[in-house]
Undergrad: 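Encoded as structure tokens, here's the structure I'll be asking about.
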Amino acid sequence: RYELLLKRYDRQQKEIQHLQSFVDRFRYKASKAKSAQDRIKKLDRIDRIDKPKKINRKVNVHFSNRRPTDAVILEVNQMTIGYEAPLLKKLDFKMRGTEKIGIIGPNGVGKTTFVKTLLGKIQPLSGNYEFVKNLNAGYFDQMASKQNYNGTVIEVLHGLYPQKTLYEVRSILAHFLFIGEDVFKEISVLSGGELVRMRLMLLMLERPEMLILDEPTNHLDIDTKNIVEDVFEEYDGPIIFISHDRYFINKVANRILVFEANKWELFEGNYDMYKAEIAKRANATVKKTTKIKQPINPEKEIEKLERQIEVIASELEVLKTELFDPEVYSDHVKYKQKTDKIAILEADSEEMLEKIESLSAETRE
């Protein structure tokens, strides 16, 4: 988003400079005066874009918790979740203390219901779950950021931790980029990014041994999103989190729990590894259902495959550009459709390259 905004800004600046240069050269020349006036009007009509800023300030903090254990900390046993009717049936897996599980899937399939069940807010319809070790769990939900806090930022923090000196309170706030007059802002007027930073700060002070997160990077500005990503990536305790942010999932998760309508599956690895497995399965299905004709002429077949690869490359370029379209990246369904298509096309291209290599070996023989 930052790069797109910067390109738009640069493009507009070039247009402005071009128009202004024409005006400066010809506004007082009789034969060009009318054209110069037209360009002056066009300059006045331009809605000027501010140059986007990319702040490199970082939150200088980390969660302090006990040394993470590789032992099993959570057991989910044949658990069915939902309200009156089940959303997901027979969830069954174990989680170790070094694992970070990212939950993905479309809206309405049970992601938040599962998290609320683990938090004890909803009872499972059948089966059960058990935290084998008694862990102090911290819950992060952007929607709960204000949490009935009243007063200024510094008053809220000092009120929650009265044993800390004013110097200690201001030092903690500075770590989360609340400096100068920012500490005297009323909670009610904080921006979305500031609220998230404050909630993150309060969560850190709770010293949780496990984190449960619900869409931690959703609708954040770039700088706050980077802060959230860095903090949770560096946290070495167990995490269960819901997210539609592919970059965040890939950066933090080492297991992927996929929820779909009435079914679920647990994958080992990060998001890239999950996508590779899905693409591999798709290719295996295509190979089973499609009878590939043996090429009569290897050289002609190679030429045909090369043309197909060029077509795929062009289509991939268009799809990857469309990922930066606000209508796409703000709609997780459209975004998923695009990324799924990209994964399939990239796998197809790789398969075609392998065929070309095989055919090339035949012609050499």
Side-chain angles (χ1 to χ4, degrees), residues 1-5 7-8 87-88 91 100-115 142-143 213-222 225 228-229 240-290 305 307-353:
R1 194 186 308 172
Y2 169 79
E3 289 173 357
L4 282 173
L5 288 172
K7 285 179 182 177
R8 289 175 189 168
L87 288 170
L88 290 166
L91 286 155
K100 298 178 182 181
I101 298 178
I103 306 172
I104 66 173
N107 289 334
V109 294
K111 300 189 300 296
T112 299
T113 303
F114 175 68
V115 164
Q142 281 193 52
M143 302 304 293
L213 319 173
D214 193 347
E215 294 283 7
T217 62
N218 203 22
H219 306 306
L220 293 183
D221 60 87
I222 293 170
K225 185 176 176 181
V228 171
E229 287 170 352
I240 294 176
F241 69 93
I242 299 169
S243 182
H244 291 106
D245 183 339
R246 273 51 180 169
Y247 180 79
F248 178 75
I249 299 166
N250 206 45
K251 195 172 182 181
V252 176
N254 52 33
R255 297 178 90 189
I256 305 293
L257 184 57
V258 182
F259 286 174
E260 295 178 351
N262 301 313
K263 63 179 182 179
W264 65 276
E265 190 170 1
L266 186 61
F267 290 82
E268 299 298 325
N270 62 11
Y271 187 74
D272 282 346
M273 295 170 72
Y274 156 70
K275 294 301 290 183
E277 176 62 24
I278 294 299
K280 183 179 176 183
R281 291 182 185 182
N283 283 332
T285 302
V286 170
K287 287 177 181 178
K288 286 180 182 178
T289 57
T290 305
L305 289 167
R307 287 194 297 272
Q308 290 176 341
I309 288 171
E310 287 177 6
V311 172
I312 288 175
S314 299
E315 191 172 349
L316 282 170
E317 187 175 350
V318 172
L319 285 167
K320 289 178 179 179
T321 302
E322 288 175 349
L323 292 178
F324 291 95
D325 187 335
E327 289 186 7
V328 175
Y329 67 66
S330 61
D331 185 328
H332 74 273
V333 175
K334 290 181 180 178
Y335 193 92
K336 185 177 186 300
Q337 289 172 346
K338 299 287 184 187
T339 53
D340 287 350
K341 181 67 173 175
I342 288 169
I344 291 169
L345 287 174
E346 287 178 340
D348 288 345
S349 181
E350 184 67 28
E351 184 179 355
M352 289 176 188
L353 287 169

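Since this is a predicted model, take the numbers as computed values, not measurements. We're numbering straight along the sequence, starting at 1.
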Undergrad: Between the main-chain N or O of A253 and the side-chain N or O of N270, is there a donor-acceptor pair closer than 3.5 Å?
TA: no

Undergrad: Where is the tightest heavy-atom contact between S243 and T217, given as atom of each residue plus distance?
TA: OG-OG1, 4.3 Å

Undergrad: The test is side chain to side chain contact (heavy atoms under 4.5 Å, CB included); show your working for K275 and D340 and say whether it passes.
TA: CA-CA 8 Å; K275 294 301 290 183; D340 287 350; 2.2 Å; yes

Undergrad: Return the CD1 to CD1 distance between I104 and I242, rounded to the nearest 0.5 Å.
TA: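 Answer for the CD1-CD1 pair, I104 versus I242, is 12.0 Å.
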
Undergrad: Taking atom CD1 of I249 and atom OH of Y271, what is their separation to the nearest 0.5 Å?
TA: 6.5 Å

Undergrad: Between T321 (side chain) and E317 (backbone), is there a donor-acceptor pair under 3.5 Å?
TA: yes

Undergrad: Do E277 and F267 have side-chain heavy atoms sitting under 4.5 Å apart?
TA: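 Contact flag for E277/F267 side chains = yes.
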
Undergrad: Would you list the atom pairs, donor with acceptor, under 3.5 Å between side chains in residues 105-114 and any protein atom, with sequence neighbours excluded?
TA:
from: K111; atom 1: NZ; to: G105; atom 2: O; distance (Å): 2.9
from: K111; atom 1: NZ; to: P106; atom 2: O; distance (Å): 2.8

Undergrad: For A279 and A343, work out which heavy atoms get closest and say how close.
TA: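 Smallest interatomic distance, heavy atoms only, reads CB-O, 4.0 Å.
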
Undergrad: Please give me the minimum heavy-atom distance between L88 and L91, naming the atom from each residue.
TA: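 For L88 and L91, the tightest heavy-atom pair comes out as CB-CD1, 4.3 Å.
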
Undergrad: Between D325 and K334, is a side chain to side chain contact (heavy atoms under 4.5 Å, CB included) present by the stated rule, with each step listed?
TA: CA-CA 10 Å; D325 187 335; K334 290 181 180 178; over 6 Å; no

Undergrad: Check this for me: K336, atom NZ, are more than 12 non-hydrogen atoms of other residues, nucleotides or ligands nearer than 6.0 Å?
TA: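 No - once you tally the heavy atoms of other residues, nucleotides and ligands closer than 6.0 Å, there are 12 at most.
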
Undergrad: In Å and rounded to the nearest 0.5 Å, what is the CG to CG distance from D348 to N283?
TA: 5.5 Å

Undergrad: Just verifying a value: how many Å separate S314 OG and L345 CG, rounded to the nearest 0.5 Å?
TA: 11.0 Å

Undergrad: Calculate, to the nearest 0.5 Å, the distance between atoms CG and CG belonging to N250 and D272 respectively.
TA: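 Reported value, rounded in 0.5 Å steps: 3.5 Å.
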
Undergrad: Do NZ/NE/NH1/NH2 and the carboxylate oxygens of R281 and E265 come within less than 4.0 Å?
TA: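 Looking at E265 together with R281, the answer is yes, because their closest N to O distance falls below 4.0 Å.
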
Undergrad: Under the side chain to side chain contact (heavy atoms under 4.5 Å, CB included) criterion, do D331 and E327 qualify, and how do the steps go?
TA: CA-CA 6 Å; D331 185 328; E327 289 186 7; over 6 Å; no

Undergrad: Would you compute the distance between atom CD1 of I101 and atom CZ of F241 and round it to the nearest 0.5 angstrom?
TA: 9.5 Å

Undergrad: For a quick test of reading the model, state the closest non-hydrogen atom pair linking K338 to V328 and the distance between them.
TA: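 Smallest interatomic distance, heavy atoms only, reads CG-CG1, 4.0 Å.
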
Undergrad: Does any non-hydrogen side-chain atom of V311 lie less than 4.5 Å from one of R307?
TA: no

Undergrad: For a 4.5 angstrom cut-off between non-hydrogen side-chain atoms, does E268 reach M273?
TA: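 E268 does not reach M273 side chain to side chain.
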
